[in-house]
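Below is one structure, written out as structure tokens, with a few remarks after it.
The structure presented is a predicted model; accordingly, all values stated were derived computationally and were not measured. Throughout, residue positions are numbered sequentially from 1 according to the sequence presented.
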Amino acid sequence: MVLILVFLAISCLASFATALDLTGKIQWNDECPDIHALRPSKVILDNGKLKGSILRDGSFTIPEVPVGTYVLSVVTPDYSFDQLRIDVVDLESEPLVRPYIIGTPLNPPSTVLLTYPIILTPKSKHAYFVPRESFNLVAMLSNPMTLMMVVGGAMMLAMPYLMKNMDPEAMEEFKEQHAKVASFQNAVASGDIKTGFSAIMGGEESKAGPATHPTSTSTKSRGNRNKRR
């Protein structure tokens, strides 16, 4: 029994000899004046692997921190703090405290050393409420969909005046083009794309057709002259 107690005592002393207590303090400022503004919070190492509570005066202690490298952060609902890199080299010297940026690799470490015990200062307060945006005419007009609607409305209003000033030939050509486009759209909507293309190509062939008649008549007239001679 005595040997068991001695063994437990030795193991406890060995465990204390391979770890140290990490201490620090929250420095109050105008952003966070006291513990009541901070609300229940904790200081953790490596996402909660080791942790310690914050007292009323802002001091905290993370007990039994083994030798190694850690990332220290403050878990609080309302304020943001800088994260720190903590290097516990051995039990005879103080831990090395360095700044750490979220998302960057731990190695190589920063050359900037901070003081120990650790001093943490609240940086800013989280803004969970976002005010509702007010009416902004410029932002609404800069929207591409709004611009398309405005241009389309302007074209609809201006089209009757443009059609009044068009000559009869241009009016007929415009109507033909509009009819072709409408027939093509109807054919595409019904799934008969071939009919839509044939309607457009048929209109082009009808335009090109009359241009061939003068050449045929001219060749006929030349043939009649040759026969008379």
For Glu31 and Asp78, run side chain to side chain contact (heavy atoms under 4.5 Å, CB included): C-alpha distance rounded to whole Å, both residues' side-chain angles, the deciding distance at 0.1 Å, then the answer.
CA-CA 11 Å; Glu31 195 73 31; Asp78 294 328; over 6 Å; no
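- Although no hydrogens or angles enter the test, the distance criterion places no donor-acceptor pair under 3.5 Å between the side chain of Ser59 and the main chain of Leu55.
- Annotation for Asn47: atom CG does not count as buried by contact number, only 12 or fewer foreign heavy atoms lying within 6.0 Å.
- Residue Ile35 is grouped with residue Tyr79 when hydrophobic side chains (ILVMFWY) are merged at heavy-atom distances under 4.5 angstrom, including chains of intermediate members.
- Between Lys51 and Ile44, the closest heavy-atom pair is CB-CG2, 3.7 Å.
- Under a hydrophobic-cluster definition in which Ile, Leu, Val, Met, Phe, Trp and Tyr are linked whenever side-chain heavy atoms come within less than 4.5 Å, directly or via other members, Val74 and Ile119 are assigned to different clusters.
- Clustering ILVMFWY residues whenever any of their side-chain heavy atoms sit less than 4.5 angstrom apart, transitively, puts Phe81 in the very cluster that holds Trp28.
- When all heavy atoms of Ser53 and Lys42 are compared, the pair lying nearest together is OG-NZ, 3.4 Å.
- Clustering ILVMFWY residues whenever any of their side-chain heavy atoms sit less than 4.5 angstrom apart, transitively, puts Val43 in the very cluster that holds Tyr116.
- A side-chain contact (heavy atoms from CB on, under 4.5 Å) with Tyr70 is found for exactly one of Ile62, Leu84, Val88, Leu22, namely Val88.
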Please assess Ser80 against His126 for the test side chain to side chain contact (heavy atoms under 4.5 Å, CB included), listing each intermediate value before the final yes or no.
CA-CA 7 Å; Ser80 61; His126 298 309; 3.8 Å; yes
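- Val89 and Leu20 are assigned to two separate hydrophobic clusters, defined by single-linkage of ILVMFWY side chains at heavy-atom distances under 4.5 Å.
- Taking NZ from Lys123 and CG from Asn29, the interatomic distance works out to 9.0 Å, rounded to the nearest 0.5 Å.
- Residues Pro77 and Pro40 share a closest heavy-atom pair of CD-O, 3.9 Å.
- Rounded to the nearest 0.5 Å, atoms CZ (Phe60) and OG1 (Thr23) are 7.5 Å apart.
- Other members of the cluster containing Val71 are Tyr100, Leu106, with ILVMFWY side chains joined at under 4.5 Å, either directly or via other members.
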What side-chain donor-acceptor pairs closer than 3.5 Å can you find for residues 91-99, not counting sequence neighbours?
residue	atom	partner	partner atom	Å
Ser93	OG	Asp90	OD1	2.6
Arg98	NE	Ser110	O	2.8
Arg98	NH1	Asp87	OD2	2.6

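- With rounding to the nearest 0.5 Å, the separation of OG1 in Thr121 from CD1 in Ile26 is 8.0 Å.
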Would you check, one step at a time, whether the test side chain to side chain contact (heavy atoms under 4.5 Å, CB included) holds for Ile86 with Ile118?
CA-CA 10 Å; Ile86 308 298; Ile118 302 167; 3.8 Å; yes
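- Here the CD1-CZ distance, from Ile54 to Arg39, works out to 13.5 Å after rounding to the nearest 0.5 Å.
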